[in-house]
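Scroll down for the structure; my scribbles are underneath it.
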Amino acid sequence: MLSKEQIAQRIAKEIKNGQYINLGIGIPTLVANYIPDELEIVLQSENGLLGIGPFPVEEQVDADLINAGKQTITMARGSALFDSAESFGMIRGGHVHLTILGAMEVSENGDIANWKIPGKIVKGMGGAMDLVSAARQIIVAMQHCSKDGSSKLLKECQLPITGVRCVNKIVTDLAVLEIMPQGGFKLLERAPGVEVAEIRNKTEGKLIVPGDIPEMVLP
Amino acid sequence: MLSKEQIAQRIAKEIKNGQYINLGIGIPTLVANYIPDELEIVLQSENGLLGIGPFPVEEQVDADLINAGKQTITMARGSALFDSAESFGMIRGGHVHLTILGAMEVSENGDIANWKIPGKIVKGMGGAMDLVSAARQIIVAMQHCSKDGSSKLLKECQLPITGVRCVNKIVTDLAVLEIMPQGGFKLLERAPGVEVAEIRNKTEGKLIVPGDIPEMVLP
Amino acid sequence: MIDKTIKDAKEAVKDIQSHAVLMLGGFGLCGIPENCIAALLDRPLSSLTCISNNAGVDDFGIGLMLKKKMVKKMISSYVGENKEFERQLLSGELEVELIPQGTLAERIRAGGAGIPAFFTPAGVGTEVGGGKEVREFDGKLYLLERWLRADYSFVKAWKGDSAGNLIYKGTARNFNPMMAAAGKITIAEVEELVPAGELDPNAIHTPGIYVQRIFQGKDYEKRIEQRTISST
Amino acid sequence: MIDKTIKDAKEAVKDIQSHAVLMLGGFGLCGIPENCIAALLDRPLSSLTCISNNAGVDDFGIGLMLKKKMVKKMISSYVGENKEFERQLLSGELEVELIPQGTLAERIRAGGAGIPAFFTPAGVGTEVGGGKEVREFDGKLYLLERWLRADYSFVKAWKGDSAGNLIYKGTARNFNPMMAAAGKITIAEVEELVPAGELDPNAIHTPGIYVQRIFQGKDYEKRIEQRTISST
């Protein structure tokens, strides 16, 4: 089983040179730590920045420079600042190549639920609905099962959904899976030491196993 | 009968302190010459400038700084530059207080025709349709009659219209008129030496004459 | 140039009435109109509708207005960590309308730009789409969304001039420019107010036409929600 | 930062095919992509659709492309003084779609921003409204208008960096920023190209994400249509 850091590490391998990428809060934020130095990529922050740099050292901290998680940040070389309408125009217009975000549930047709649990206080969807409605490619970072052991990869989402038929790939603590155009989770890789049987067991939605499934290679 | 310069002079008297104003091509452009110095107003150029200054002297000429009539201009103190979407957002959103433009015909319900003559090459409406659809107040500068003597203040426009029920006031070589909410040209002022009978004669649309009509006072 | 300068925040908010619809700029606590919020707290206001991406924290930003029970309704995308907010929401004192962040930004932009409605893909097939027109364009589904406008917009900028031109700093720009354009009366507070003519016309983010009142704010706290420091 | 630098205009236009839809920035002859237009003239192209506020003059700007009969259709708001344009229009060689300038700007902005359609008051009750959906909002009538997108957008900026960030000058900005966002491939020519990091991130008009190719142009003529001089 992968740790959160390892999920982030595995997702980082999906990133291609020249991509503009939006990272959600949680595990997706960790992905930034594992992007190979030789790749030239740009991180978009939906509150109005292209080119997120590392966290600041103490003297660089600027209250007027935060990411979408409200963390203090710096700007990378060659960055650009803009307002929220421009930022979501960028997202909605399909200019961001890759969005990586967390999820509570994903269904076998690519629906995602990650903003609301009935009966609990609802904090809001923030930019998630805009991101999933328009990104060219969406990779979800999540745990395969909830704490009570029930699958989060479902036939249909039980929670209120954030977007329909939008997820392309999922990296969980157990596996890497791809959503097929006709529906179904196609198993691409197993976490080290995890058997296909376990993944099948823990995937409620339709699992497609195309022959032998390799183990993930982590750095 | 007023000259073009006098029409511009008379329109300048309609301007109030603190207004943002868009001036069309032709007579409207001349209005800028007659705005009293004590008024603080801002001229908007729909190609992307708030704060048109005087024409440049030779050394100031900058090909990258023109007005909507493609004339070289300067910027007034405190001006701002922006793109065409922002500029028309400003216009469409009702932020411009006053639009002054020319017309070929105006109808008694405030329709305006100023962009197209069937059978002649059509150059386009430019920003006129946007301006007339959204400005808070529209004053038209025009000749009362065409060269053949026929009225240009009509019951209904004969030419393809630019906008419906949008004109508030008209200043012609003969008169100042207001479009009434229920329709009709209400005569407000006569040009020096012009009788009401002549104006009545040259106005095809419904003319409303509310008692004695004063002569215009020009500086 | 038209001079929009007023004395201070107190003067800026003196005519605001209960039941007004307000927009307040900022993302989290970044770029919020601190001075105007403080001045609003001194006015006997209630039943306000506040349009703001977030709702502050318990003891700062719009959270302070919530604590004084000035707000009837929040229109936001994310209402974060605020206990009093939760209490009022659960007790039914406070109404909340949650809107996808991009849709919120675009609805405000549309309000300022005179676009009464537009289609967006965000929220299609979710409960956000409930009751809204859905239409297909080029094989994809979109929701029809309406503009948002306010009686008063409060924006915070870094620099401003007497003509109302504004320049923001860093990611403190966020919702401020669209809100400036979408308010019937827009009030700008700035860290540095200069005479008209001192700002580069080519570097202005909000043209002065959108701003009716401007003043130089003071004592900016600029509270940080997540102070994150690099180890290196 | 991703490097989008290419050598010159020739390289910029090498893959463009006949029948492509192009957007070209500029208002009149102000802010037009002079270098790219010159390079396009050297390619054996025809049946292009050009979206541009104006169509140049007989011997400059898009007028040169018209003269070479490269253009099948112009989508513009004002086509001004151009004899060859008139001749082709009257002979039926050239198709022209005239769009109110604000609607044109907003349709292009919508294309870049992923808004497939929006309502605008411009053109209601005129022949521009023919065949379009009319809808009432708050007592006023509006037309439904669709987005515009292009295969290639050509923009001209004052300064740019290798990451594609652009700063325009004066009123040469006009349609360029929206077109930069609405092109599948956007090609920026700039008067001064600098390494990423040299432009102030807070002063950038077009963020680099919209630009796929950038090069430093040369020999800008910047022709003036109406040289108007103050007598004083």
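In what follows, chains are A, B, ... by sequence order, proteins preceding strands, each numbered from 1.
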(message) The test is salt bridge (Lys or Arg N to Asp or Glu O under 4.0 Å); show your working for Lys222(C) and Asp62(A) and say whether it passes.
(response) CA-CA 9 Å; Lys222(C) 295 195 186 182; Asp62(A) 180 351; 5.4 Å; no
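Interface residue Ile99(C): only backbone heavy atoms are found under 4.5 Å from chain A. Neither the backbone nor the side chain of Leu29(C) comes within contact range of chain A, judged by heavy atoms closer than 4.5 Å. For Ile161(A), the parts sitting under 4.5 Å from any heavy atom of chain C are the backbone and the side chain alike. With a 4.5 angstrom heavy-atom cutoff, Val122(A) touches chain C via backbone and side-chain atoms both. Contacts between Asn176(C) and chain A at a heavy-atom distance below 4.5 Å are absent for every atom of the residue. Using a 4.5 Å cut-off between heavy atoms, Glu191(C) touches chain A through its side chain atoms alone. If you measure heavy-atom distances from Ile224(C) to chain A, the contacts under 4.5 Å come from the side chain alone. For Ala68(A), the parts lying under 4.5 angstrom from a heavy atom of chain C are both the backbone and the side chain. Contacts between Asp111(A) and chain C at a heavy-atom distance below 4.5 Å are absent for every atom of the residue.
At distances below 3.5 Å, at least one donor-acceptor pair connects side-chain atoms of Thr171(C) with backbone N or O atoms of Asp64(A). Counting only distance, with no hydrogens or angles, the side chain of Ser230(C) and the backbone of Pro54(A) share no donor-acceptor pair below 3.5 Å. Within the 3.5 Å criterion, the main-chain N or O of Thr228(C) finds a donor-acceptor partner in the side chain of Thr72(A).
Partner of Phe88(A) under the side-chain contact (heavy atoms from CB on, under 4.5 Å) criterion, out of Glu106(C), Gln101(C), Arg109(C): Gln101(C) alone.
Annotation for Lys72(C): atom NZ counts as buried by contact number, over 12 foreign heavy atoms lying within 6.0 Å. Residue Asp37(A) places its CG atom among 12 or fewer non-hydrogen atoms of other residues, nucleotides or ligands, all under 6.0 Å distant.
Between the CG atom of Leu141(C) and the CZ atom of Arg165(A) there is a distance of 11.0 Å, given to the nearest 0.5 Å. One finds the OH atom of Tyr142(C) at 10.0 Å from the CZ atom of Arg92(A) (value rounded to the nearest 0.5 Å). Taken to the nearest 0.5 Å, the OG atom of Ser45(A) stands 7.0 Å off from the CZ atom of Phe27(C). Between Leu98(C) atom CG and Lys123(A) atom NZ the span is 12.5 Å, to the nearest 0.5 Å. Here the straight-line distance linking atom CZ of Arg173(C) with atom CD of Glu86(A) works out to 9.0 Å at 0.5 Å rounding. In this structure, Ile121(A) CD1 and Arg87(C) CZ are separated by 11.5 Å, a value rounded to the nearest 0.5 Å.
Contact count versus chain A (heavy atoms, under 4.5 Å) is highest, among Gly129(C), Gly28(C), Pro100(C), Ala105(C), for Pro100(C). Among Ala85(A), Gly48(A), Ala113(A), the residue making the largest number of heavy-atom pairs under 4.5 Å with chain C is Ala85(A).
Here Arg227(C) pairs with Glu58(A) in a salt bridge; the nearest charged N to carboxylate O distance falls below 4.0 Å.
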